[in-house]
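One structure below.
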Amino acid sequence: MAVKEFPAGTQLIQSGQNLTALHVIAKGSVHASYPGGEFYLGKGDVVGVCELFYGSYFISYQTEEATSFASYPCSATQLSAFIRSNPEMANFIVTSLFRQLHEILDQYELSHFDCSNFYHYLMSSYEDYKSFCTKHGFAARELPAMETLTQLVLEEDVDRWLDGYYTQLRAMVTGKSAKNHDPDFLTGLILKADQDIFQVISVCRVLHDYKAEITNLLMNENHLDFFDLYAGILYKLGPNADDSTTLIAALSTMMIQLESQPSIDKDMYRQRVAEYREKLSKAGSAAEESSSSKTDEAPDVTGSMNTILVYSGVSGETASAFRAAVDKFAKMSDKNGSDDAARKLRLTITKLFYQIYEAAFIKSLKDNDIPKVVKMFFNFGYVDENLAGLENASYLYSLVDRIPTDPKRKVYTVYEWLKAIYNGEKVPSRNEFDSDYIAYLHEQKVTGKITAAEEAAMQNDREKMVLFELNNMFPTVNKITFGRIVNFCPIFSEHNILKDLDVSLVSVEKVEEAFKMIRSFDFSAYYREIIYTNPDVGIGKESVSVEVLPDLILMPNVGIRGVAWQEIEGRKRTTPARMMVSIFQMEDLTSILVRLTGDFRWEMCKRVQGARWNDVSEASLTSEYFDYIQFYKKNRDLSADAKDKIKLSMQKAKNSFKEMFIRDYEAWVLYEGAGSPRLNKVSRTILFTYCPFAKDIRNRLKANPLYKEMMDRYDIKLSQKIHHYNNLFQKLNNTGTPIPEELQNQRAFLDM
């Protein structure tokens with residue numbers, strides 16, 4: 001067998017590739033890696049012996065130094081015959097198998113121990129943080145991801161006896177030359193061990209993801225992390241305060257923890273640390289400037305709650321109850337508390353908040369001189385200057401008359417949106433039961449709650465329309481976009497602010513930039529097919545695509561989520577979708593809008609397909625994706641590793657097919673389009689078929705063999721459509737007929 005040589009750093013095998021041979025290392029060393037572990041192979045080791053049973057690799061292999069090895073064609077079905085005809089290979093194969101298996105088991109034990117320690121370190125750090133906040137009178141902040149983080153519980157763990165079992169088996173088998181054992185026995189041993197190795201690595205992947213989740217909580221690119229919580233206190237106290245040394249030590253410990261985590265983005269980590277050191281050196285002068293700013297602006301917002309309550313005109317009983325509840329909330333040391341008293345207090349505030357909002361909004365419709373503080377209430381959920389923090393209240397005061405939205409460019413504050421409904425420019429949104437305003441009124445009439453005459457009158461009653469929006473979409477979406485539903489309270493509070501307000505403020509420019517980025521990858525995301533006819537020029541029926549961008553409504557909260565509330569208005573498919581995000585968005589806006597675009601694609605396809613949305617006999621995005629997830633275990637195009645990843649992903653998605661698709665769509669736009677493969681073959685094919693990349697990206701990816709087959713099919717179908725339009729244009733030109741704009745636009749669409 002010829003020996004092949006490879007220089008250091010050569011990627012020999014990538015996880016997911018088909019396995020067709022065993023490779024014996026003759027010289028050098030190889031780095032083997034998988035999510036959650038790594039080990040090294042040297043002279044005499046056999047690459048591929050751990051994965052032979054599955055016929056595809058779930059470990060990646062790269063040369064650590066100049067390496068040479070001999071390859072022997074082999075598969076699971078050929079193994080017994082291979083050992084029989086190559087008895088000298090038996091020792092190499094079995095010895096290497098046991099060594100690799102024990103390396104992987106050791107990695108599992110270490111990773112399991114690390115997960116437990118890492119979790120307890122995180123929870124201890126959070127308790128210390130809350131203690132610091134209480135001691136210095138700061139509002140403790142809670143990170144969104146903390147809600148779902150729990151101590152590690154494995155649904156499928158590694159059997160505790162496995163290590164001892166294989167240690168004894170190793171002694172029995174390698175006690176005498178392996179070639180003296182029956183080839184069928186060795187084949188059974190190897191293939192059974194492969195299945196155990198796959199299970200251990202599957203658990204290691206879960207452990208790896210768990211540690212990555214905690215790592216992301218400690219530090220991430222959005223600054224929604226423990227590092228920012230600790231650094232924020234340090235900046236406020238200043239580097240020379242009594243407790244600054246303790247805080248600096250805690251941050252240093254955190255940096256040491258992060259440096260050892262393989263999932264941390266090294267460039268992001270270095271940037272964050274450099275930013276921290278720079279800010280720390282400027283903390284003293286920044287504190288002085290902040291103090292000066294507060295003094296200048298504070299008088300403008302004094303007594304905000306009283307101004308809002310008086311303006312709304314609510315009853316004295318309602319005003320007193322709201323004032324008492326907000327005062328009690330402001331005095332709570334843990335405003336996100338999960339105890340019954342805290343939960344009931346937040347519910348009381350929420351109920352009263354919407355009553356006051358409704359009353360104030362109705363009054364504002366006939367008021368041309370709305371007080372600034374009331375505008376802050378409408379657009380930000382602002383109620384009290386002390387609860388918001390004087391610095392934040394002053395910023396909101398300066399911002400409220402220049403909020404960077406523009407209804408003409410399809411970005412609204414919630415107040416602008418409600419006014420648009422009142423003015424008849426927009427119709428109310430569907431409620432949480434998916435009924436629009438007209439359907440809701442009809443239901444009220446059928447159930448006897450209103451008469452036919454009242455139904456007819458209310459259909460054109462603008463005030464009733466806006467009240468429908470205020471009582472249905474508004475409270476539901478406000479809670480969802482806030483993100484932490486259990487801790488939701490609609491009033492603006494400093495403890496919810498996880499990064500600077502000016503940085504997190506959503507503007508029309510940021511929205512347009514995000515949608516531009518999304519459409520630069522998924523160019524057809526917001527195009528809908530309609531039928532165009534023009535008998536006057538001889539056009540019977542032509543399917544053309546028109547782009548309809550969504551309306552984006554900014555909800556009055558500091559939040560972390562977005563909502564794709566409805567894909568169309570009424571039944572007309574050329575109406576804009578409605579999406580909502582927080583006006584102060586703590587998470588990355590582009591990532592959220594990518595997610596909402598995936599949600600829109602799924603729901604729009606369901607709308608078009610109707611009852612047959614999951615019927616694979618009628619090809620569509622939803623039907624093919626539904627079929628792929630439903631029967632992935634039987635799909636021969638998926639490797640064992642890919643199937644295992646789908647199983648884990650389904651658990652994280654709570655068995656939601658739509659959620660699975662949205663996650664794949666995010667990977668499609670954010671990673672695959674940038675040339676970083678993240679999807680399996682089947683998922684990638686579905687996404688490329690129904691969400692194809694723009695032309696420049698297709699051209700860039702053409703050289704990649706992962707896309708070649710899909711590209712070829714796409715190009716054939718596209719050329720057929722272009723040929724049809726070229727012939728149609730030629731026919732119109734020959735008769736001297738001007739080409740309709742709709743057809744010109746469709747021809748341009750095909751060139752995207």
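Side chain of Arg272 to main chain of Asn220: a donor-acceptor pair is present (N/O by atom type, distance under 3.5 Å, no hydrogens or angles).
Counting only heavy atoms from C-beta outward, the side chains of Leu365 and Lys419 approach each other to under 4.5 Å. Side-chain contact between Phe657 and Met650 is present, with at least one heavy-atom pair separated by less than 4.5 Å.
Under a 4.0 Å N-O distance rule, the pair Asp436/Arg430 does not qualify as a salt bridge. Between Asp228 and Arg141, no side-chain nitrogen of the basic residue sits less than 4.0 Å from a carboxylate oxygen of the acidic one, so the salt-bridge criterion is not met. By the 4.0 Å N-to-carboxylate-O rule, Lys375 lies close enough to Asp401 to be salt-bridged with it. A salt bridge does not link Glu513 with Lys510: none of the charged nitrogens is closer than 4.0 Å to a carboxylate oxygen. Between Arg595 and Glu659, at least one side-chain N (NZ, or NE/NH1/NH2) sits under 4.0 Å from a carboxylate O, which counts as a salt bridge. Remark: Glu454 does not engage Lys445 in a salt bridge, criterion side-chain N to carboxylate O under 4.0 Å.
Using bins of under 30°, 30° to 60° and over 60° for the plane-to-plane angle, the ring pair Phe378/Tyr311 lands in the perpendicular bin. Classified by interplanar angle (parallel below 30°, tilted 30° to 60°, perpendicular above 60°), the ring pair Tyr276/Phe227 is perpendicular.
The heavy-atom pair separating Met555 from Val477 by the smallest distance is CG-CG1, 3.8 Å.
Stacking of Arg484 on the aromatic ring of Phe482 is recorded, both the 6.0 Å distance cut-off and the 45° axial limit being met.
Each of Tyr415, Phe377, Phe380 was evaluated against Tyr357; a single residue qualifies, Phe377, per the ring-ring contact (aromatic ring centres under 6.0 Å, His included) test. Evaluated for a ring-ring contact (aromatic ring centres under 6.0 Å, His included) with Trp417, the options Tyr422, Trp565, Tyr412 yield exactly one hit, Tyr412. Checking Ile248, Asp225, Leu218, Asp128 one by one against Tyr230, the side chain to side chain contact (heavy atoms under 4.5 Å, CB included) holds for a single residue, Asp128.
The aromatic ring centres of Phe474 and Tyr354 sit less than 6.0 Å apart. Between Phe132 and Phe138, a ring centre-to-centre spacing not shorter than 6.0 Å is recorded.
Scored by the side chain to side chain contact (heavy atoms under 4.5 Å, CB included) test, Lys464 finds Tyr437, Met458, Asp461 as partners (sequence neighbours excluded). Contacts of Ser315 classified as side chain to side chain contact (heavy atoms under 4.5 Å, CB included), with partners at least two apart in sequence or in another chain: Glu317, Thr318.
The neighbour count for Lys351 NZ, taken as heavy atoms of other residues, nucleotides or ligands under 6.0 Å away, does not exceed 12. Annotation for Lys363: atom NZ counts as buried by contact number, over 12 foreign heavy atoms lying within 6.0 Å.
Counting only N and O atoms by type, the side chains of Tyr382 and Ser304 include a donor and acceptor under 3.5 Å apart.
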| What's the verdict on salt bridge (charged side-chain N to carboxylate O under 4.0 Å, His left out) for Lys426 and Glu569, showing C-alpha distance, side-chain angles and the deciding distance? | CA-CA 9 Å; Lys426 291 289 179 180; Glu569 295 175 3; 3.6 Å; yes
